[in-house]
Amino acid sequence: EDPEGMQRCGRSFSRHTSLSTLPCLRIQHSRAIPCLDDSFEPSTLDPNRPHAASSEHAITVAQAHRNEMRALEGRLHACVDRVAEACLPAISSSSQALAQRVAELSQVYTRERGELLQAPRSGAALEARLRFFLRRDQAIMQRILGELERFAGLPTGESWRVLDLGAGVGAMSVGTALFAKAGGRAKALHIDALDIDARALGCMPPLLARLAEEIALPITLRIHPGDLRQGALPGGAAAYDLILVSFVLNELNAAKPSLESSLQRLEHWGRSLAPGGSLIVIEPALREPTRALHRLRDALLATGSSLRVAAPCLHDAPCPMLRSERDWCHEEYGVEAPKELQALAQKAGLRADRIRYSYLVLRHDGRNLREALSPLPGTPLRMVSTRRVSKGKIELWGCGSPGSLRLSRLDRHRSEENAAFDALQRGRLFTVEPALSAPSENQGLRIGPESRIHLASADEGNSGGDE
């Protein structure tokens with residue numbers, strides 16, 4: 001163990017600097033980031049640019065984005081390894097020992113949830129968070145920010161102001177930085193990061209300093225060790241473009257779940273949003289934390305809060321998943337993980353090539369994901385299940401204004417009009433024609449040869465594919 005390890009790392013603060021008084025990191029670099037596709041031009045990913053009529057062009061743009069993101073993530077993985085080696089020199093050991101630590105921490109996160117607030121904070125646990133969980137989970141924020149981009153919900157300024165609550169070692173801030181850099185979406189980030197674990201928070205300055213240099217994105221960082229249960233936020237009356245709350249509510253409610261206290265926290269945090277800003281709440285893709293998030297969503301709608309649900313929901317009706325104790329709605333996507341991360345995950349009995357989470361995006365201005373589907377005819381739906389393929393038939397569940405709806409298509413009814421049904425994966429946005437007039441959920445909807453399926457534009461906010 002190296003109790004001063006976090007304070008000895010990084011060029012921006014000295015060995016004896018207190019974590020609570022660290023200065024901002026202001027890193028200005030101009031080194032260009034090469035793209036794997038030399039023909040890629042960042043302007044092609046301008047969110048204000050009209051969609052191209054050519055599907056081939058759309059595929060080219062999406063591939064160019066993935067190429068650039070792959071290059072950026074490669075630089076991130078190198079940064080993480082260097083920072084871990086510098087900050088935890090006495091901890092780094094064999095890959096098998098690291099895999100064991102990853103497995104033990106995953107056990108706490110998923111099965112021993114009553115112990116969340118007492119989760120291990122040793123140097124060994126910190127190494128697992130840095131070398132595995134940060135590198136995997138940062139893709140979650142990329143995916144969610146990609147959803148915001150669908151309805152022009154990203155910050156409009158060249159510099160984004162971010163508040164990262166429950167920041168830990170900085171996974172969500174890192175994901176935001178990579179997404180902001182890709183395609184030139186932002187030219188600088190200003191981040192305030194708060195967490196009760198000062199040692200974990202101390203990983204962020206050296207990590208973001210090195211990342212800012214590697215990807216040529218100026219980052220100003222202030223870290224604030226503190227307890228969210230005490231209510232105070234850093235920055236006073238500061239207005240933030242993005243407020244990130246990742247895997248926090250379930251930890252705060254682990255000992256004593258309280259819908260009212262969660263509602264009060266959201267309202268409190270929401271008051272720090274800048275005009276057009278987004279409050280992003282991420283929770284584990286487990287049944288109880290996710291259903292708690294569904295109930296919180298419904299409570300916001302029922303109380304008439306000024307915080308409106310922007311994503312992932314396509315309607316303002318009560319959540320249909322709450323009708324049965326067996327149901328919950330979460331996201332699951334494939335991501336491109338480096339071979340060494342996949343090998344580590346395999347040794348730990350986990351997967352690094354998929355991310356699972358539940359989330360809400362809340363805004364004051366009323367803008368929402370439905371706008372991304374408004375140009376398409378038919379009834380907007382979001383796929384909220386895996387595909388069930390049986391002999392002669394495909395079934396799935398969609399959610400939208402009709403509620404949660406089972407859709408099925410017989411193989412013999414496949415046609416050019418409904419061929420896009422084959423491409424539907426969990427989380428995909430689509431519309432169905434003819435428009436639905438609130439059919440019975442129990443009855444479901446059979447996709448016939450005359451039915452038309454329209455897909456929303458391909459996802460550009462993540463580095464991997466769907467399931």
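A donor-acceptor distance shorter than 3.5 angstrom exists from the side chain of Arg363 to the backbone of Gly153, with no hydrogens or angles considered. Side-chain atoms of Thr303 come within 3.5 Å of backbone N or O of Ala299 as a donor-acceptor pair. Of the possible polar contacts, none joining the Glu149 side chain to the Leu154 backbone as a donor-acceptor pair under 3.5 Å is found. The closest donor-acceptor contact from the side chain of Ser374 to the backbone of Glu371 lies under 3.5 Å. Of the possible polar contacts, one joining the Arg185 side chain to the Ala182 backbone as a donor-acceptor pair under 3.5 Å is found. Of the possible donor and acceptor atoms, none in the side chain of Ser246 sits under 3.5 Å from a partner among the backbone N and O of Ala167. In terms of modelled atom types and a separation under 3.5 Å, the side chain of Glu332 and the main chain of Arg426 share no donor-acceptor contact. Under the 3.5 Å distance criterion, the side-chain polar atoms of Ser305 are left unmatched by any main-chain donor or acceptor of Leu301. A donor-acceptor contact shorter than 3.5 Å is absent between the side chain of Asn368 and the backbone of Ala310. Checked by atom type and distance alone, the side chain of Gln342 pairs as donor or acceptor with a backbone atom of Ala337 at under 3.5 Å.
Taking CZ of Arg271 as the reference point, atom OG of Ser306 lies at 9.0 Å (rounded to 0.5 Å). Remark: Glu127 CD to Cys203 SG distance equals 10.5 Å, nearest 0.5 Å. Distance CD/Glu85 to CG/Leu130: 11.5 Å, rounded to 0.5 Å. Rounding to the nearest 0.5 Å gives a distance of 10.5 Å between CZ of Arg287 and CZ of Arg326. Atom CZ of Arg136 is separated from atom CD1 of Ile355 by 9.0 Å, given to the nearest 0.5 angstrom. A distance of 10.0 Å separates CG of Leu228 from CD of Glu251, quoted to the nearest 0.5 Å.
Taking the side-chain contact (heavy atoms from CB on, under 4.5 Å) definition, one finds that Cys319 meets it with His294, Arg297, Asp298, Met321, Leu322, sequence neighbours left out.
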inquiry  = Could you go through Leu369 and Glu147, starting from their C-alpha distance and side-chain angles, then the distance that decides it, and tell me whether this counts as side-chain contact (heavy atoms from CB on, under 4.5 Å)?
reply    = CA-CA 7 Å; Leu369 196 54; Glu147 295 260 87; 3.7 Å; yes
key: Asp365 and Arg367: CA distance, side-chain angles, deciding distance, salt bridge (charged side-chain N to carboxylate O under 4.0 Å, His left out) verdict   = CA-CA 6 Å; Asp365 61 8; Arg367 303 205 67 171; 5.4 Å; no
key: side-chain hydrogen bond (donor to acceptor under 3.5 Å, both in side chains) evaluation trace for Glu73 with Gln142   = CA-CA 11 Å; Glu73 288 184 334; Gln142 293 185 43; 3.0 Å; yes
task = Please test Ser159 against Lys187 for side-chain hydrogen bond (donor to acceptor under 3.5 Å, both in side chains), starting from the C-alpha separation and ending with a verdict.
result = CA-CA 6 Å; Ser159 179; Lys187 295 184 178 179; over 6 Å; no
query = Passes salt bridge (charged side-chain N to carboxylate O under 4.0 Å, His left out), Glu213 versus Arg75? Steps please.
reply = CA-CA 10 Å; Glu213 180 179 2; Arg75 294 181 180 274; over 6 Å; no
query = Run the side-chain contact (heavy atoms from CB on, under 4.5 Å) check on Leu429 and Arg150 step by step: do they pass?
reply = CA-CA 11 Å; Leu429 302 177; Arg150 287 171 176 263; 3.6 Å; yes
query = Given Leu362 and Leu266, is the side-chain contact (heavy atoms from CB on, under 4.5 Å) satisfied, shown in steps?
reply = CA-CA 9 Å; Leu362 306 173; Leu266 289 186; 3.9 Å; yes
inquiry  = What verdict does the side-chain contact (heavy atoms from CB on, under 4.5 Å) test give for Ile243 and Leu165, after you've listed the backbone C-alpha separation in whole Å, the side-chain angles of each residue and the deciding distance to 0.1 Å?
reply    = CA-CA 7 Å; Ile243 299 180; Leu165 300 177; 4.1 Å; yes
ask   = Given Asn253 and Ser258, is the side-chain hydrogen bond (donor to acceptor under 3.5 Å, both in side chains) satisfied, shown in steps?
value = CA-CA 6 Å; Asn253 292 326; Ser258 171; 5.6 Å; no
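The side-chain heavy atoms of Ile282 and Ser358, taken from C-beta on, include no pair separated by under 4.5 Å. A heavy-atom distance below 4.5 Å is found between the side chains of Thr176 and Leu242. Residues Leu233 and Asp192 are not in side-chain contact: their nearest non-hydrogen atoms beyond the backbone lie 4.5 Å or more apart. Residues Val80 and Val83 fail the side-chain proximity criterion, which asks for heavy atoms closer than 4.5 Å. Glu104 has its side chain out of reach of Gln107: every pair of non-hydrogen atoms, C-beta onward, lies at least 4.5 Å apart. Put simply, the side chain of Leu360 reaches to within 4.5 Å of the side chain of Val309, judged on heavy atoms. The shortest distance between side-chain heavy atoms of Leu314 and Cys399 does not fall below 4.5 Å. The shortest side-chain heavy-atom distance between Val281 and Tyr359 does not fall under the 4.5 Å cut-off.
In terms of heavy atoms, Ala125 sits closest to Arg101 at N-CD, 4.4 Å. Contact record, Ile215 with Ala177: CD1-O, 4.1 Å, taken as the closest heavy-atom pair. Of all heavy-atom pairs spanning Ala180 and Leu189, the tightest one is CB-CD2, 4.2 Å. Taking every heavy atom of both residues into account, Ala212 and Ile219 meet most closely at CB-CD1, 3.9 Å. Across all non-hydrogen atoms, the minimal contact from Leu217 to Ala188 is CD1-N, 3.9 Å. Here the shortest heavy-atom pairing between Arg210 and Cys79 reads CG-SG, 3.6 Å.
The side-chain tip of Arg161 points at the ring of Tyr240 from less than 6.0 angstrom away and within 45° of straight on. Taking the ring centre of Tyr333 as origin, the terminal cationic atom of Arg143 falls inside the region bounded by 6.0 Å and 45° from the ring axis.
With salt bridges taken as basic N to acidic carboxylate O contacts below 4.0 Å, one links Arg135 and Glu340. Under a 4.0 Å N-O distance rule, the pair Arg356/Glu331 does not qualify as a salt bridge. Salt-bridge check for Asp137 with Arg129: failed, with every basic side-chain N at 4.0 Å or more from each acidic carboxylate O. Looking at Arg199 and Asp197, no side-chain N of the basic residue comes within less than 4.0 Å of a carboxylate O on the acidic one, giving no salt bridge.
Around atom CD of Gln346, no more than 12 heavy atoms belonging to other residues, nucleotides or ligands sit under 6.0 Å away.
A ring-centre distance under 6.0 Å is found for Tyr109 and Phe133.
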